[in-house]
Protein chains: 2
Amino acid sequence: MNVHSCKLRDGMKRTAKRDDIIKASLDLIAEHGFHGAPIALIAEKAGVGAGTIYRYFDSKDVLIAELYRELEEEIVSTLQEGCQEEKSVRDRYIFMCRKLLEYLITHPLNFRFMEQYFNSPYGISLRRDKIIGKRDERNAFERLFEEGISRQVLKDLPVYVLAALTFSPIVSLVRDHTLGLINLDGDVIAKSIDACWDGIKR
Amino acid sequence: MNVHSCKLRDGMKRTAKRDDIIKASLDLIAEHGFHGAPIALIAEKAGVGAGTIYRYFDSKDVLIAELYRELEEEIVSTLQEGCQEEKSVRDRYIFMCRKLLEYLITHPLNFRFMEQYFNSPYGISLRRDKIIGKRDERNAFERLFEEGISRQVLKDLPVYVLAALTFSPIVSLVRDHTLGLINLDGDVIAKSIDACWDGIKR
DNA sequence: TAGAGGAGAATGAACGTTCACTCCTGCAAG
DNA sequence: CTTGCAGGAGTGAACGTTCATTCTCCTCTA
């Protein structure tokens, strides 16, 4: 397989057509999975020719990776805003969980895509990098966990256990909600988040 | 596409060759995903011709579904044995969680396959059937949850929330463990299960 | 008219599935 | 016992389809 560099300069990255392609990919992959999103369909949905996609992305893999990066950036910035550092660990935890849940529920396409991505070969190596620590940017949650442990309000468990106790149930509930299998109302959401807190608090 | 019935009678279902094919499929899918397990490779690994597989299974989908059914059966029967009904809800919960975790960790291939399966189109519809209730066989965990709610030792939450608070963290931890990203020792396992209990207990 | 941007047909690789064939076993006739 | 035969088991080359990627030609616009 030839490694060839993209012919586009950075300055032309942000075009309407490029965004159409990204959006079409998001829709199709979120709704039908990676298999249900062949290039031909993406091109049709984006209203461009199949070849055009390769003027903007070197390969389908690159397209998907870039889509992921954009979504991750959006989520991270959403999670970071509005968190008041002076509040207690518990209040901040509840606040951030609620915000995460709210974001995922109101952006079902983004959520479904991220799920596909994490459960694919792409996601595995990403996970590996994150946990092994090649990417050493501690995110807001990890910082909160570490603070909670040192203040002795959280159980003295590895951060990845606290993360598993928090994110996995949330993601699982949101998945079933967006698939229409269950219906998460405000009451259940609040109680579920409280339950997560009960799991990790000392 | 023609719908044709399988030509084999039930009596010949259990042959060594059939088991070779099932085993080869498990190994390849667990290790490399559905994409990394084309029929040609499965055949090679099983030591049979590609066509032979179709003497035992109508299609690759049927092969995968049957593999899933066998594994599910094994897990369910493993989980059910040895649970003492006279013990407290808490003790039974801890016991079953520990057993589940132990099974998943000692059968990484089975676990990896199940993960692939659940995160594929097959798994989605299965999930749908299970939650919507077409399959109304309450499993051991769900019965325990219902008992705990009615005895007021568990939070009064929908069973699917209690399930999410239990299985999702366990599965997440086992995944990272079998991928070699983390190392679950007995101490962390015990504490993690206790934390799950803290999350669901009233 | 030159040249970039775009379209979609062409290409080749990979896959699931089929099918014409061989091999093997058991058995009945001679 | 030998021979011939029937048919199930097994094979793998070949087929048709699908897909990502490339290529060629068209269409604007400057």
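We name chains A, B, ... by the order of the sequence lines, and we start the count at 1 in each one.
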Starting from [atom2] on [N], measure out to [atom1] on [X] and report it in whole angstrom.
X: A:Tyr54; N: D:dT22; atom1: OH; atom2: P; result: 7 Å
X: A:Ile21; N: C:dA7; atom1: CD1; atom2: C1'; result: 12 Å
X: B:Asp58; N: C:dT18; atom1: CG; atom2: C1'; result: 13 Å

Going by the rule side chain to side chain donor-acceptor pair (under 3.5 Å), which residues pair with B:Arg151 if we only count those two or more places apart in sequence or in a different chain? B:Glu147

Donor-acceptor pair, side chain of A:Arg92 and main chain of A:Lys87, under 3.5 angstrom: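 Checking the backbone N and O of A:Lys87 against the side chain of A:Arg92, a donor-acceptor pair under 3.5 Å is found.
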
Within the distance-only criterion (no hydrogens, no angle test), does the side chain of A:Thr52 pair as donor or acceptor with the backbone N or O of A:Val48 below 3.5 angstrom?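 No, the answer is negative, given that no donor and acceptor are paired below the 3.5 Å cut-off.
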
So B:Ser192 and B:Pro169, do their side chains get closer than 4.5 Å, heavy atoms only? no

With a 4.5 Å heavy-atom cut-off, do A:Lys201 and A:Val153 have their side chains touching? no

Using distance only, find each side-chain donor-acceptor pair of residues 28-41 of chain B under 3.5 Å and give its atom names and separation, not counting sequence neighbours.
{"from": "B:His35", "atom 1": "NE2", "to": "A:His35", "atom 2": "NE2", "distance (Å)": "2.2"}

Five-pair end axes of the helix from C:dT1-D:dA30 to C:dG30-D:dC1 and the angle they enclose, rounded to 10°: 20°

Is there any protein nitrogen or oxygen under 3.5 Å from a nitrogen or oxygen in nucleotides 10-16 of chain D, and what are the pairs?
{"from": "D:dG10", "atom 1": "OP2", "to": "B:Tyr56", "atom 2": "OH", "distance (Å)": "2.7"}
{"from": "D:dT11", "atom 1": "OP2", "to": "B:Gly49", "atom 2": "N", "distance (Å)": "2.7"}
{"from": "D:dT11", "atom 1": "OP2", "to": "B:Thr52", "atom 2": "OG1", "distance (Å)": "2.5"}
{"from": "D:dG12", "atom 1": "N7", "to": "B:Gly51", "atom 2": "N", "distance (Å)": "3.3"}

Side chains of B:Tyr160 and A:Ser172, donor plus acceptor under 3.5 Å: no

When you measure from every atom of DNA chain C, which of residues 32-43 of chain A have a heavy atom less than 4.0 Å away?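 Per residue number, the list is empty: none.
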
Residue pairs fulfilling salt bridge (charged side-chain N to carboxylate O under 4.0 Å, His left out) with at least one residue in residues 159-186 of chain A, sequence neighbours excluded: A:Glu115-A:Arg175, A:Asp176-B:Arg127

Pair B:Lys155, A:Asp194 - check salt bridge (charged side-chain N to carboxylate O under 4.0 Å, His left out), show working. CA-CA 11 Å; B:Lys155 293 190 171 83; A:Asp194 285 344; over 6 Å; no

With ring centroids as reference points, do B:Phe167 and B:Phe141 lie under 6.0 angstrom apart?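 That pair passes the under 6.0 Å test.
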
